[in-house]
Amino acid sequence: EILKDYADQLTYSGRAAQAVPLYRELLSGERRPEEIRAVERGLALALARSGRAEEAVAAWERIVAAAPGDADARSNLREALIASARDLASRDQNARSATLFARAIEL
C-alpha cells in the first residue's frame, strides 16, 4: 500500500515518469479487484502526465472497457485521445490524428 501512495505522490508532484514502473510493479503482484482498479487508474494518469499519450489511451481504454458507465474514466480517455491526437499531428501523422480526434468527439 505504501508503494501505491508513493507512486501517487510522484504522479501528482510532476514526477509521473518515475511512478510508471512502480504502478507496473504493483500490477504484477496479487491484489484485490478494487486495488487493481485503483492502481490501473494511477498508471493511466501517470502515463498521461509523463507524455506517453498513446500508452495512456490504451490504459484508459482498458479501464473504460471494464467499467463502461464510469464517466470519470470516459472523460480521462477523451483527454488522452486528444493529447495523443495532438502529438500525432505534431509529427505529421495526420490520418491517425484525425481518427483519434473523431473518437474523442464520439465520447
Side-chain angles (χ1 to χ4, degrees):
E1 183 174 302
I2 192 167
L3 189 58
K4 182 184 176 308
D5 292 340
Y6 179 50
D8 290 345
Q9 293 311 306
L10 287 172
T11 298
Y12 289 107
S13 67
R15 296 166 52 195
Q18 293 175 312
V20 170
L22 300 177
Y23 286 120
R24 290 197 168 130
E25 180 182 332
L26 286 164
L27 287 171
S28 70
E30 293 290 319
R31 301 265 175 257
R32 293 188 321 259
E34 61 275 1
E35 291 174 324
I36 292 170
R37 284 190 296 275
V39 172
E40 287 174 339
R41 291 177 85 89
L43 174 60
L45 183 60
L47 289 166
R49 289 188 173 196
S50 62
R52 296 161 74 170
E54 289 185 64
E55 290 179 80
V57 167
W60 284 114
E61 284 176 331
R62 287 190 298 274
I63 293 166
V64 169
D70 185 336
D72 182 58
R74 291 175 61 81
S75 175
N76 281 298
L77 172 56
R78 183 177 182 275
E79 289 177 29
L81 285 164
I82 292 168
S84 187
R86 288 181 175 151
D87 178 58
L88 290 168
S90 74
R91 294 185 279 135
D92 291 328
Q93 295 182 23
N94 299 318
R96 288 182 61 204
S97 174
T99 299
L100 294 184
F101 275 124
R103 287 181 55 205
I105 290 167
E106 289 174 13
L107 283 174

May I ask you to test the [X]-[Y] pair for a side-chain heavy-atom distance under 4.5 Å?
| X | Y | value |
| --- | --- | --- |
| S90 | R86 | no |
| V20 | R52 | yes |
| E40 | I36 | yes |
| L88 | E54 | yes |

Can you tell me how far [atom2] of [Y] sits from [atom1] of [X], rounded to the nearest 0.5 angstrom?
| X | Y | atom1 | atom2 | result |
| --- | --- | --- | --- | --- |
| Y6 | R15 | OH | CZ | 5.0 Å |
| L81 | N76 | CG | CG | 11.0 Å |
| D8 | K4 | CG | NZ | 3.5 Å |
| Q9 | L22 | CD | CG | 12.5 Å |

Practice item. Kindly check if the number of other-residue, nucleotide or ligand heavy atoms within 6.0 Å of CZ (R49) is above 12? Key: yes

Point to revise | salt bridge (Lys or Arg N to Asp or Glu O under 4.0 Å) evaluation trace for R37 with D70 | key: CA-CA 12 Å; R37 284 190 296 275; D70 185 336; over 6 Å; no

Study note, to complete from the structure: Closest non-hydrogen contact found for L107 with R74 is CD2-NH2, 3.3 Å

Practice item. Please report the closest heavy-atom contact between Y23 and V39, naming both atoms and the distance. Key: O-CG1, 3.5 Å

